[in-house]
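Read through the structure below, which is laid out as structure tokens, and then see the notes.
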Protein chains: 2
Amino acid sequence: MLLEAARAVFAENGYERATVRSIAARAGVDAAMVNHWFGGKEGLFAQAVLKLPFEPAELVTVLRDGPVEELGSRIVRTFLTRWDGVGGDTFQALIRSIAGHEAASTVLRDFFLQFFTGLLSDLGGDRRELRVALCASQLVGMGLVRYVARFPPMVEAEVDTLVTAVAPTLQRYLTGDID
Amino acid sequence: MLLEAARAVFAENGYERATVRSIAARAGVDAAMVNHWFGGKEGLFAQAVLKLPFEPAELVTVLRDGPVEELGSRIVRTFLTRWDGVGGDTFQALIRSIAGHEAASTVLRDFFLQFFTGLLSDLGGDRRELRVALCASQLVGMGLVRYVARFPPMVEAEVDTLVTAVAPTLQRYLTGDID
DNA sequence: GTCTATACAACGATAGAC
DNA sequence: GTCTATCGTTGTATAGAC
């Protein structure tokens with residue numbers, strides 16, 4: 001599948017360094033087909049990476065289910081599991097493309113905005129915009145360090161280890177004292 | 001100054017999208033001079049971005065000075081102040097170039113590794129490698145969201161606000177319970 | 001629909017005049 | 001040392017044969 005190959009190459013190289021030729025070669029099709037089917041590199045990126053494999057609202061519904069005190073845990077575990085699994089290429093491609101493609105920032109920002117705003121609307125509480133940004137900063141940072149910059153201890157750490165370590169941070173950003 | 005122009009352009013565009021021509025134009029010199037003086041784009045990037053404006057050890061010395069309970073605060077404030085100020089271009093160029101230039105990851109990783117390892121060696125405690133990576137993840141994430149992805153609440157937030165919100169996270173990653 | 005060949009642009013780098 | 005001109009490469013996109 002061409003879209004899969006595109007996600008993989010964009011995930012490895014980011015938007016700029018990824019070439020249409022290498023994506024096509026990986027998928028076993030001709031480079032001309034990319035332009036024929038998707039209207040160019042831009043269109044391919046939009047279809048392959050900017051269409052996220054899940055909706056924020058759907059994820060909110062899943063995570064609402066459970067005790068509020070363990071919300072941080074469920075969030076960290078959910079993201080790590082998805083990023084370690086099949087949805088990971090999309091996230092990695094997004095992160096790696098932030099420098100080279102404006103829309104990557106926008107999609108990432110909108111996703112976290114909708115996701116955490118949805119969660120926080122249930123919880124009440126003040127300073128929601130800041131809380132959202134704080135949560136996003138820790139999750140994105142964890143993703144960047146684990147999947148892109150590849151700090152060894154973060155790469156090798158088990159999901160459970162990271163959940164235990166990071167969950168209290170999210171929990172505080174969502175429901176605790178931040179001023 | 002050519003190095004300043006290089007930092008600015010690399011900070012705005014990342015390594016891949018930045019062009020030698022645009023850097024030279026910004027500095028008011030000829031593009032050929034870049035190759036003549038620095039041996040090419042690669043050499044310019046190495047001199048302008050990969051040579052950090054301060055040493056980790058120097059920063060450790062500064063931050064050691066003060067009560068341990070406020071170490072998280074001092075760290076967050078120090079980084080935000082530097083990144084908001086003149087040293088910011090270098091950091092932003094590094095972050096933005098992670099996708100397009102292998103050495104950017106390495107320099108960033110080594111910096112945080114040396115910096116936090118230096119701090120932790122004073123504090124004792126277990127699981128040092130993981131603590132280092134956790135601290136790095138929060139700081140890098142905050143930087144990415146504030147300076148690159150530009151989530152509005154994080155961009156507009158005062159330094160004091162962020163220090164209050166994020167310091168407890170760093171404090172716990174450094175000296176608290178993470179398992 | 002699919003592939004071959006190619007046009008077109010932009011980049012990094014270099015050679016050579018001054 | 002400095003600039004002009006240009007080379008070679010690479011990447012996107014298209015035109016046209018089958």
Side-chain angles (χ1 to χ4, degrees), chain A residues 1-51 89-90 92-107 148, chain B residues 1-51 89-90 92-107 148:
Chain A
M1 170 70 95
L2 190 55
L3 287 175
E4 255 175 74
R7 270 187 288 268
V9 175
F10 282 130
E12 278 174 22
N13 303 106
Y15 182 79
E16 281 292 317
R17 275 208 318 189
T19 69
V20 172
R21 280 178 164 86
S22 74
I23 294 171
R26 186 169 184 138
V29 304
D30 193 277
M33 294 299 94
V34 171
N35 299 301
H36 196 266
W37 291 332
F38 295 95
K41 185 184 185 180
E42 189 75 17
L44 179 60
F45 186 74
Q47 290 296 320
V49 177
L50 299 181
K51 305 276 186 200
D89 272 0
T90 305
Q92 204 168 318
L94 273 177
I95 288 273
R96 272 220 144 92
S97 303
I98 282 184
H101 201 289
E102 184 64 29
S105 287
T106 308
V107 167
V148 180
Chain B
M1 170 69 97
L2 189 54
L3 286 176
E4 254 176 76
R7 270 186 288 269
V9 175
F10 282 130
E12 278 174 22
N13 302 107
Y15 182 78
E16 282 291 318
R17 274 208 319 187
T19 68
V20 171
R21 285 176 164 85
S22 74
I23 294 171
R26 185 167 184 141
V29 304
D30 193 277
M33 295 299 95
V34 171
N35 298 301
H36 196 269
W37 291 332
F38 296 95
K41 185 183 185 179
E42 190 75 16
L44 179 59
F45 186 75
Q47 289 297 319
V49 177
L50 299 181
K51 305 276 187 201
D89 272 0
T90 305
Q92 201 167 321
L94 274 178
I95 287 272
R96 273 221 143 92
S97 302
I98 282 185
H101 201 289
E102 185 63 28
S105 288
T106 308
V107 167
V148 181

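What you see is a predicted model, and the numbers here were worked out from it, not measured in a lab. Here is the naming used below: chain letters follow the sequence lines, and residue numbers restart at 1 for every chain.
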With sequence neighbours left out, which residue pairs that include part of residues 93-104 of chain A fulfil the side chain to side chain donor-acceptor pair (under 3.5 Å) condition?
->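 Matches after skipping sequence neighbours: A:E42-A:H101.
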Do any pairs count as a side chain to side chain donor-acceptor pair (under 3.5 Å) and have a residue in residues 26-35 of chain B, sequence neighbours left out, and if so which ones?
->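 Those involving residues 26-35 of chain B do not exist here.
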Would you kindly give the [atom1]-to-[atom2] distance between [X] and [N], to the nearest whole Å?
X: B:L2; N: D:dT2; atom1: CG; atom2: P; answer: 11 Å
X: B:M33; N: D:dT4; atom1: CE; atom2: C1'; answer: 11 Å
X: B:F45; N: C:dC11; atom1: CZ; atom2: C1'; answer: 17 Å
X: B:E16; N: D:dT9; atom1: CD; atom2: P; answer: 19 Å

Across the strands shown, which category fits A:A24 at heavy-atom distances under 4.0 angstrom: base, sugar-phosphate, nothing?
->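 Counting heavy atoms under 4.0 Å across all strands, no contact is made by A:A24.
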Under the side chain to side chain donor-acceptor pair (under 3.5 Å) rule, collect the residues that match up with B:T106, sequence neighbours excluded.
-> none
Which pairs count as ring-ring contact (aromatic ring centres under 6.0 Å, His included) when at least one residue sits in residues 16-41 of chain B, sequence neighbours excluded?
-> none
Where is the tightest heavy-atom contact between B:I98 and B:S105, given as atom of each residue plus distance?
->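 What the structure gives for the nearest pair is CG2-OG, 3.5 Å.
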Kindly say if A:W37 contacts the phosphate of C:dT2, meaning a side-chain N or O under 4.0 Å from OP1 or OP2.
-> yes
Can you list the residues that meet the side-chain contact (heavy atoms from CB on, under 4.5 Å) rule with B:A18, with sequence neighbours excluded?
->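 Testing B:A18 for side-chain contact (heavy atoms from CB on, under 4.5 Å), a comparison that skips the adjacent residues, returns B:V9, B:F10, B:N13.
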When every nucleotide of nucleotides 13-18 of chain D is labelled 5' to 3' by its protein contacts under 4.0 Å (heavy atoms), B for base, S for sugar-phosphate only, - for none, what sequence of letters results?
-> BB----
